[in-house]
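Following: one structure in structure tokens, then a few remarks.
Letters go in sequence order (proteins before strands), and every chain restarts at 1.
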Number of protein chains: 2
Amino acid sequence: MLTNAKLVFNKNINQKHTEAAIKHAEYLCLQKQQKFTSLRRTVFEILWEDYQPLGAYEIKQRLSMRLGKKIDPPTVYRAIEFFVDLGLANKIESLNAYIGCPFPSSQRSYIFLICENCKNVAEVSTGSVDNSLALIMEKLKFKLRKQHIEVKGICSKCSP
Amino acid sequence: MLTNAKLVFNKNINQKHTEAAIKHAEYLCLQKQQKFTSLRRTVFEILWEDYQPLGAYEIKQRLSMRLGKKIDPPTVYRAIEFFVDLGLANKIESLNAYIGCPFPSSQRSYIFLICENCKNVAEVSTGSVDNSLALIMEKLKFKLRKQHIEVKGICSKCSP
DNA sequence: TAGATAAATGTTATATTATAACAAAATTAA
DNA sequence: TTAATTTTGTTATAATATAACATTTATCTA
Ligand SMILES: [Zn+2]
Ligand SMILES: [Zn+2]
Ligand SMILES: [Zn+2]
Ligand SMILES: [Zn+2]
């Protein structure tokens, strides 16, 4: 029953979650003395608006729409980097895409489940894989700073 | 003691391993009715020559040197794709780089250990992480086709 | 508050990674 | 040998990302 894991599907993300994410971002920025500027807020909202991985240029386009002016790549990449550095967003490497992090305060790491059929991405936070990994890293005397797990296959909704 | 894991460091890769990898590639191509052409062989050798992740354009340059003529990107990407599809090479997503696979026939999957200091990459094949992952995927009814794990930190040689 | 300092954003240009589309050559099949 | 298939060559371009410097905005200090 996944008692030791948390799963986040995009369909389950709603206005409430988004608002909570924004609140959390505001709080974290305050705590870390970082500025949650208007531009950054807008990018953050975009990252959450349908909770799907977005490419930088897709974000750029949406940002441009919202602000009613042309936006250049560095503007977007800077905002993305800001949130990734704070752990409030993640890059999905195999998609070159970015997504808000639903477990920003978790000490655990995440697994991204990428459905090759519907293209939806879910994110699961779990301790068991973390533990297995940590054990191996310890044996290898590898000081783990960051782990990144992406899984591709077919999600439950897409399989018969 | 890592009895249930195999680790491959680039320093431990030598001529013998490379030759074995080539033999295996030849065999697999024969088995799958794929052609291990001269061009592909050269790319394969490059992928193994110092067993470090190489970007496509680095491979392109080395290939160009070896063949003494200009090589265009599609030529390189095709060869890379050929080996990745056969499971004889892997892409390290966070580096946009490619590396020969030292466990081509393993049913297990791999973990890439990327040292942020010396930039070396090791590859470890282990069952325990696989099992943890498989368990979660089963619970989530996610049909796992492929998993990809990248770990960043400091390797044993670089830590005091 | 004025002026100095630092941080964020704007702007232009360019680097890096990857693929589309079509042509020619080489291999394999009929 | 001709036809079909696969591989490689070639040209052009798409997609992703960053460097460098200018301007604006926010923060600090005197
Ligand atoms: Zn990438
Ligand atoms: Zn996350
Ligand atoms: Zn699906
Ligand atoms: Zn190292």
Side-chain angles (χ1 to χ4, degrees), chain A residues 25-26 28-47 52-64 66-86 88-99 119 150, chain B residues 25-26 28-47 52-64 66-86 88-99 119 150:
Chain A
E26 282 172 343
L28 193 73
C29 286
L30 234 142
Q31 200 180 34
K32 300 221 171 181
Q33 309 199 58
Q34 300 293 320
K35 279 165 244 168
F36 196 58
T37 62
S38 166
L39 179 77
R40 288 171 178 167
R41 174 187 297 267
T42 310
V43 170
F44 195 74
E45 284 168 6
I46 289 169
L47 280 171
Q52 272 306 111
L54 298 176
Y57 283 72
E58 171 66 27
I59 295 171
K60 174 179 173 292
Q61 195 173 307
R62 294 190 187 198
L63 188 55
S64 186
R66 285 208 186 206
L67 302 183
K69 64 175 177 179
K70 188 182 144 239
I71 298 293
D72 294 304
T75 302
V76 175
Y77 280 100
R78 281 177 192 139
I80 292 170
E81 189 190 28
F82 176 81
F83 291 116
V84 169
D85 286 350
L86 282 172
L88 295 171
N90 290 113
K91 178 175 187 181
I92 299 181
E93 298 284 356
S94 71
L95 301 179
N96 293 324
Y98 307 86
I99 191 165
K119 312 297 177 193
E150 295 182 12
Chain B
E26 282 172 344
L28 194 73
C29 286
L30 234 141
Q31 200 180 35
K32 299 221 171 181
Q33 309 199 59
Q34 299 293 321
K35 279 165 246 169
F36 196 57
T37 63
S38 165
L39 179 77
R40 287 170 179 167
R41 174 185 298 265
T42 309
V43 170
F44 195 74
E45 284 167 6
I46 289 169
L47 280 172
Q52 272 307 112
L54 298 176
Y57 282 74
E58 171 66 28
I59 295 170
K60 173 179 173 294
Q61 195 172 305
R62 295 190 186 197
L63 188 55
S64 186
R66 286 208 186 207
L67 303 183
K69 64 174 178 180
K70 188 183 145 238
I71 299 292
D72 294 303
T75 301
V76 175
Y77 280 101
R78 281 176 192 139
I80 292 170
E81 188 190 28
F82 177 81
F83 291 116
V84 170
D85 286 351
L86 282 172
L88 294 171
N90 290 114
K91 178 175 187 182
I92 299 181
E93 298 284 356
S94 70
L95 301 178
N96 292 324
Y98 306 88
I99 192 165
K119 312 297 178 193
E150 295 181 14

(request) Apply the test side-chain contact (heavy atoms from CB on, under 4.5 Å) to residues Ile99(A) and Lys91(A): give CA-CA distance (whole Å), side-chain angles for both, the deciding distance (0.1 Å), then the verdict. (result) CA-CA 7 Å; Ile99(A) 191 165; Lys91(A) 178 175 187 181; over 6 Å; no
Over how many whole Å does the gap from [X] atom [atom1] to [N] atom [atom2] extend?
X	N	atom1	atom2	value
Lys60(B)	dT10(D)	NZ	C1'	13 Å
Gln34(A)	dT27(D)	CD	C1'	14 Å
Gln61(A)	dA14(D)	CD	P	15 Å
Leu54(A)	dT16(D)	CG	P	12 Å
Leu95(B)	dA17(D)	CG	C1'	15 Å
Lys32(A)	dA7(C)	NZ	P	17 Å
Leu63(B)	dG9(D)	CG	P	9 Å
Gln33(B)	dT27(C)	CD	P	18 Å

(request) Taking only heavy atoms on the protein side, list every residue of residues 70-85 of chain A lying under 4.0 Å from any atom of DNA chain D, sorted numerically. (result)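 Close to the strand are Pro73(A), Pro74(A), Tyr77(A), Arg78(A).
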(message) Ignoring hydrogens, what is the shortest heavy-atom contact between Glu26(B) and Arg41(B)? Give both atom names and the distance.
(response)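 Between these two residues, the closest heavy atoms are OE2-NH2, 2.7 Å.
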(message) Can you give me the closest heavy-atom contact between Phe82(A) and Lys35(A), atom names plus distance?
(response) CZ-O, 3.7 Å
(message) Within the structure provided, determine whether Phe83(A) and Tyr98(A) are in side-chain contact (heavy-atom separation under 4.5 Å).
(response) no
(message) Contact between Val84(A) and Glu81(A) at the side-chain level, heavy atoms closer than 4.5 Å - yes or no?
(response) no
(message) Before you tell me yes or no, could you show the steps for Leu63(B) and Leu39(B) under side-chain contact (heavy atoms from CB on, under 4.5 Å), namely the whole-Å CA-CA distance, both residues' side-chain angles and the distance that decides it to 0.1 Å?
(response) CA-CA 9 Å; Leu63(B) 188 55; Leu39(B) 179 77; 4.2 Å; yes
(message) For dT17(C) and Lys91(B) - does any side-chain N or O of the residue sit under 4.0 Å from the phosphate oxygens OP1/OP2?
(response)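 Checking Lys91(B) against dT17(C): no side-chain N or O falls below 4.0 Å of OP1 or OP2.
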(message) Between Thr37(A) and dT25(D), is there a contact of a side-chain N or O with OP1 or OP2 at under 4.0 Å?
(response)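 So the side-chain polar atoms of Thr37(A) never come under 4.0 Å of the phosphate oxygens OP1 or OP2 of dT25(D).
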Name each donor-acceptor pair under 3.5 Å that joins a side chain in residues 53-62 of chain A to protein atoms two or more places apart or in another chain, with its distance.
| unit_1 | atom_1 | unit_2 | atom_2 | d |
| --- | --- | --- | --- | --- |
| Glu58(A) | OE2 | Arg62(A) | NE | 2.7 |
| Glu58(A) | OE2 | Arg62(A) | NH2 | 3.4 |
| Lys60(A) | NZ | Ile71(A) | O | 3.4 |
| Arg62(A) | NH1 | Glu49(A) | OE2 | 2.8 |
| Arg62(A) | NH1 | Asp50(A) | OD2 | 3.4 |

(request) Supply the atom-to-atom distance Glu150(A) CD to Leu95(A) CG, rounded to the nearest 0.5 angstrom. (result) 6.5 Å
(message) Rounded at 0.5 Å granularity, tell me how far CD1 in Ile80(B) sits from CG in Asp85(B).
(response) 11.5 Å
(message) Tell me which residues in residues 40-47 of chain B lie within less than 4.0 Å of DNA chain C, going by non-hydrogen atoms.
(response) none
(message) Can you tell me which nucleotide in dA8(C), dA17(D), dG9(D) comes closest to the side chain of Tyr98(A)?
(response)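 Selected nucleotide (nearest to the side chain): dA17(D).
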(request) Output the single nucleotide from dG9(D), dT17(C), dA17(D) whose closest atom is nearest the side chain of Asn96(B). (result) dT17(C)
(request) Name the residue closer to the 5' end of DNA chain C, choosing between Lys35(B) and Tyr57(B) according to the nucleotide with the nearest heavy atom. (result)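 The residue closer to the strand's 5' end, by nearest nucleotide, is Tyr57(B).
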